[in-house]
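Below you'll find the structure, written out as structure tokens, and then a few comments.
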There are 2 protein chains.
Amino acid sequence: MPQFLATDDVDFESRFAALLRAKREDSPDVDDVVADIIADVRARGDAAVIELTAKFDKLDLKPDRLRFSQAEIAAECAKVSNEDRAALEMAAARIRAYHARQLPDDAMWTDETGAELGWRWTPVSAAGLYVPGGLASYPSSVLMNAIPAKVAGVSRLAIVVPTPEGVTNPLVLLAAQIAGVDEIYRIGGAQAIAALAYGTQTIAPVDKITGPGNAFVAAAKRRVFGKVGIDMIAGPSEILVIADKDNDPDWIALDLLSQAEHDESAQSLLITDDADFGRAVTAAVDERLETLERRHIAGPSWRDFGAVITVENMAQAVALSDRIAPEHLEICTADAETLAQQIHHAGAIFIGGWTPEAIGDYIGGPNHVLPTARSARFSSGLSVMDFIKRTTLSRMTPAALATIGPAAERLAQSESLQAHGLSVRARLDRLNMGDI
Amino acid sequence: MPQFLATDDVDFESRFAALLRAKREDSPDVDDVVADIIADVRARGDAAVIELTAKFDKLDLKPDRLRFSQAEIAAECAKVSNEDRAALEMAAARIRAYHARQLPDDAMWTDETGAELGWRWTPVSAAGLYVPGGLASYPSSVLMNAIPAKVAGVSRLAIVVPTPEGVTNPLVLLAAQIAGVDEIYRIGGAQAIAALAYGTQTIAPVDKITGPGNAFVAAAKRRVFGKVGIDMIAGPSEILVIADKDNDPDWIALDLLSQAEHDESAQSLLITDDADFGRAVTAAVDERLETLERRHIAGPSWRDFGAVITVENMAQAVALSDRIAPEHLEICTADAETLAQQIHHAGAIFIGGWTPEAIGDYIGGPNHVLPTARSARFSSGLSVMDFIKRTTLSRMTPAALATIGPAAERLAQSESLQAHGLSVRARLDRLNMGDI
């Protein structure tokens with residue numbers, strides 16, 4: 001049974017706080033193992049990657065087999081049905097159109113002193129994308145990571161995807177091809193992250209690594225951070241649905257279950273202003289759980305981490321939502337648009353009953369890589385911004401320097417940074433000499 | 001003596017690669033100590049912070065003395081000279097004007113299916129800013145961190161600044177006041193980072209922590225990352241100057257020294273197409289080093305990590321600069337603007353001989369918190385973007401869901417996520433029943 005809370009319970013505050021604090025994930029401490037793997041790949045390159053792939057993925061490779069050939073990719077892609085291909089292409093087109101709007105403008109202006117100021121955005125040159133292998137090998141994840149990189153202008157995009165015992169997911173390769181990925185390597189784990197960060201004889205190093213992975217991959221990403229950029233380290237998925245009684249309980253139940261089926265550590269929460277509706281939703285969840293293929297995952301998630309919170313009014317729902325800062329927020333109320341505007345902290349909002357969260361996972365257009373574990377308080381989902389960076393620009397004229405230079409000199413002196421001050425003073429003295 | 005390299009040397013490539021690889025900083029491993037400090041502050045709150053402040057800063061505090069009172073701040077600010085105050089206010093106004101232009105727009109549009117898509121930016125609610133105490137307590141750093149947060153709309157901005165043996169820098173407090181900081185605490189070290197991240201009885205927790213610090217502060221920021229957001233962990237400062245012979249060697253020498261005087265691990269590089277000019281600059285550096293107050297810092301930095309690289313043409317200079325990906329890049333050539341446009345990787349570019357890098361440290365307007373150690377390949381300087389986050393928005397209509405829903409269902413099936421597919425299917429079935 002999920003938890004039931006109501007804001008008018010005497011112990012509501014303590015139970016809600018406990019819900020916020022609940023640790024849903026026990027990451028095994030694999031940091032020492034990962035440190036050894038990274039050191040080994042740095043020292044021995046391909047040879048280490050090949051050995052580790054034989055050990056962990058039960059797959060024997062040669063250096064020239066690390067990378068999928070064009071012929072292999074074409075052969076795998078040919079296995080995909082026309083329907084699946086069309087669905088991937090529609091998803092890719094929509095994701096591309098959404099992300100293309102994220103490209104920010106460069107700027108350059110002249111201020112009142114005559115100084116020119118501005119900035120310029122440039123893409124990361126080379127990026128690597130981790131794609132989990134085996135069962136959790138999701139083509140949608142390839143699109144969501146690769147398309148923003150390509151829209152940003154990344155000229156070299158490499159994917160690593162382990163193929164345990166040689167098993168390849170044709171949809172993953174097709175998604176990579178549709179997204180414009182340049183290189184695909186059949187390696188995974190910490191060794192793949194190390195190869196991307198430091199390079200090997202056959203894999204050139206990249207500047208930025210994104211994509212989900214298991215505890216080894218997460219630990220490796222943390223370790224190579226600084227040498228390369230990384231995206232966030234995502235935790236288990238979450239959804240919060242705010243719904244009034246004018247919804248079909250079965251729709252809401254399915255939306256809650258579509259998070260719960262991801263992972264036993266996933267969390268599905270419902271906030272409603274109608275206790276009867278809350279009970280109807282839990283009944284619908286129970287009924288769906290009887291036949292759901294992934295009930296062995298969704299069941300424990302719902303039982304251990306699910307909750308139904310009854311509020312007196314929707315203003316309370318908004319306030320609680322901001323304390324939760326959910327990864328996914330679905331608002332199914334008559335005034336959903338208005339409530340959505342009042343939310344401060346959420347990764348993605350799905351507005352109205354016709355917008356199941358699953359649309360956002362695949363085809364809506366916005367990214368499905370979103371901040372988990374309350375980190376929407378301070379971070380955003382994956383976007384084009386993750387693959388570009390800004391260079392600030394300044395150009396002083398003699399007149400501009402004459403206007404603002406003395407203040408810089410003064411501040412440098414106050415910080416006892418004499419050379420800073422002198423570098424300004426030498427130029428100001430030249431101006432005072434009337435040379436200019 | 002700094003290193004001298006020329007692109008036409010036979011061993012140039014290996015020496016340049018060694019220069020790129022050179023590790024300039026040996027961070028002591030303080031991770032275990034920091035873990036204990038954080039655990040102590042989480043467990044005991046104010047009491048732990050007060051004990052650790054007594055131990056490390058030789059300062060006895062009571063809980064009600066952790067925070068500077070308004071009267072104390074006013075008394076300290078009154079000590080600042082009018083000239084220093086005016087310089088700080090000019091700097092603050094210019095930094096504010098520059099950063100105000102960084103605020104991105106929200107977006108919402110209706111696509112060809114009738115779906116509404118977009119995003120909305122919201123500020124981080126509460127941010128904390130670390131300011132080093134003692135000698136390296138820089139008011140300019142307060143402005144550069146606090147103003148972007150306030151421009152972003154952060155409603156609660158707290159500063160922690162240690163006051164070893166009770167020594168306070170009035171300029172730091174005045175800079176905080178000018179920037180609109182809401183709370184100032186006289187604590188530092190890992191204990192201050194822990195207090196900001198987890199809160200104590202008197203310090204409410206924040207959502208994001210920025211600002212420079214020593215090895216303890218850096219390790220603490222790494223550890224609390226995830227619980228709160230952090231900015232980059234900055235390494236020693238760097239400058240690359242690209243200059244032709246039509247420059248005053250003394251100006252360029254002072255620009256190089258204004259990085260070198262920061263830190264013995266700082267790095268100052270010169271690329272020129274005229275070997276004689278390179279020698280003239282090094283002679284000017286030597287001459288300035290004879291009298292520079294911080295020659296005991298700038299001297300070792302220049303000797304150990306400085307380099308003069310002679311190129312055959314400025315196209316080579318641009319290519320080398322991109323491999324260096326410098327934090328600060330100063331371009332002092334006739335075609336400085338053109339060269340600046342060809343650069344892909346740099347934190348900040350200072351264009352033309354009248355733009356000494358020190359202008360950017362204090363008063364130009366752009367931020368002086370910039371990516372070091374080649375991380376300009378994948379990251380940007382501090383900006384308003386560090387204090388806001390994006391929520392993506394989607395709203396489907398029944399017609400939009402009818403158009404794109406089947407593809408989402410198909411992709412969910414291909415990923416064996418049945419509930420995802422069913423959450424779409426249940427709605428599509430309702431449409432097919434003709435209810436809508």
Side-chain angles (χ1 to χ4, degrees), chain A residues 83-84 87 90 98 117 122 124 138 140 171 207-208 229 250-251 254-255 257-258 261 292-293 344 346 348-352 354-356 358-360 362-366 377-380 389-396 398 401 404 407-408 410-411 414-415 417-420 422-424 426, chain B residues 83-84 87 90 98 117 122 124 138 140 171 207-208 229 250-251 254-255 257-258 261 292-293 344 346 348-352 354-356 358-360 362-366 377-380 389-396 398 401 404 407-408 410-411 414-415 417-420 422-424 426:
Chain A
E83 291 79 3
D84 282 346
M90 180 189 270
Y98 183 93
L117 299 170
T122 45
V124 168
Y138 294 144
S140 60
L171 282 165
D207 303 304
K208 173 114 188 183
D250 184 52
W251 292 12
L254 286 167
D255 297 347
L257 286 170
S258 67
E261 74 175 344
L292 198 69
E293 286 160 14
H344 290 95
I349 305 182
F350 302 88
I351 304 169
W354 291 96
T355 319
I359 286 294
Y362 293 112
I363 200 135
R377 291 173 298 125
F378 54 80
S379 62
S380 309
K389 62 269 180 341
R390 185 189 45 243
T391 299
T392 60
L393 306 169
S394 320
R395 177 175 198 137
M396 297 294 128
L401 194 69
I404 68 174
R410 182 105 207 160
L411 291 170
S414 80
E415 294 185 354
L417 292 172
Q418 188 192 19
H420 285 66
L422 288 172
S423 73
V424 176
Chain B
E83 291 79 3
D84 281 347
M90 179 188 271
Y98 183 92
L117 299 170
T122 46
V124 168
Y138 293 144
S140 60
L171 282 165
D207 302 303
K208 174 114 188 184
D250 185 52
W251 292 13
L254 286 167
D255 298 346
L257 286 170
S258 66
E261 74 175 344
L292 198 69
E293 287 161 13
H344 290 96
I349 305 182
F350 304 89
I351 304 168
W354 292 96
T355 319
I359 286 293
Y362 293 112
I363 199 135
R377 292 174 296 123
F378 54 81
S379 61
S380 310
K389 64 267 178 347
R390 185 188 47 244
T391 299
T392 60
L393 306 169
S394 321
R395 176 175 198 139
M396 297 295 129
L401 194 69
I404 69 173
R410 181 106 208 160
L411 290 169
S414 81
E415 294 185 353
L417 293 172
Q418 188 193 18
H420 285 67
L422 288 172
S423 73
V424 176

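Reminder, nothing fancy here: chain letters follow the sequence lines and each chain counts from 1. For the numbers below, each heavy atom of this structure counts, side chains included, while hydrogens, waters and symmetry mates do not.
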Would you check, one step at a time, whether the test side chain to side chain contact (heavy atoms under 4.5 Å, CB included) holds for Arg377(A) with Val124(B)?
CA-CA 6 Å; Arg377(A) 291 173 298 125; Val124(B) 168; over 6 Å; no
About how many Å separate NZ of Lys389(A) and OG of Ser380(B), when rounded to the nearest 0.5 Å?
7.5 Å
What is the minimum heavy-atom distance between Ile351(A) and Thr355(A), and which atoms define it?
O-OG1, 2.8 Å
Partners passing side chain to side chain contact (heavy atoms under 4.5 Å, CB included) against Glu293(A) (at least two apart in sequence or in another chain):
Gln418(B)
Is it the backbone or the side chain of Leu401(A) that comes under 4.5 Å from a heavy atom of chain B, or both, or neither?
side chain
Most heavy-atom pairs under 4.5 Å with chain A, out of Gly352(B), Ser394(B), Ser414(B), belong to Ser394(B)
Among Met396(A), Glu261(A), His344(A), which has the most heavy-atom pairs under 4.5 Å with chain B?
Glu261(A)
Do you know which of Leu422(B), Leu411(B), Asp255(B) has the most heavy-atom pairs under 4.5 Å to chain A?
Leu411(B)
Gap between atom OH of Tyr362(A) and atom OH of Tyr138(A) - 0.5 Å precision:
7.0 Å
Determine the option with the most heavy-atom pairs under 4.5 angstrom with chain A, choosing from Thr391(B), Leu257(B), Val424(B).
Thr391(B)
Find out whether Tyr98(B) and Leu117(A) are in side-chain contact, i.e. whether some heavy atom of one side chain is under 4.5 Å from a heavy atom of the other.
yes
For chain A, find which of Leu393(B), Thr122(B), Ile404(B) contributes the most heavy-atom pairs closer than 4.5 angstrom.
Ile404(B)
Mind ranking Pro366(B), Ala87(B), Pro356(B), Gly360(B) by heavy-atom pairs under 4.5 Å with chain A and telling me who comes out on top?
Pro356(B)
Which residue out of Ser379(A), Ser423(A), Ala426(A), Ala358(A) racks up the most heavy-atom pairs below 4.5 Å with chain B?
Ser423(A)
Leu171(A) versus chain B, the contacting section by heavy-atom distance below 4.5 Å:
side chain
Distance-only, no hydrogens or angles: does the Glu415(A) side chain make a donor-acceptor pair with backbone N or O of Ser140(B) under 3.5 Å?
yes
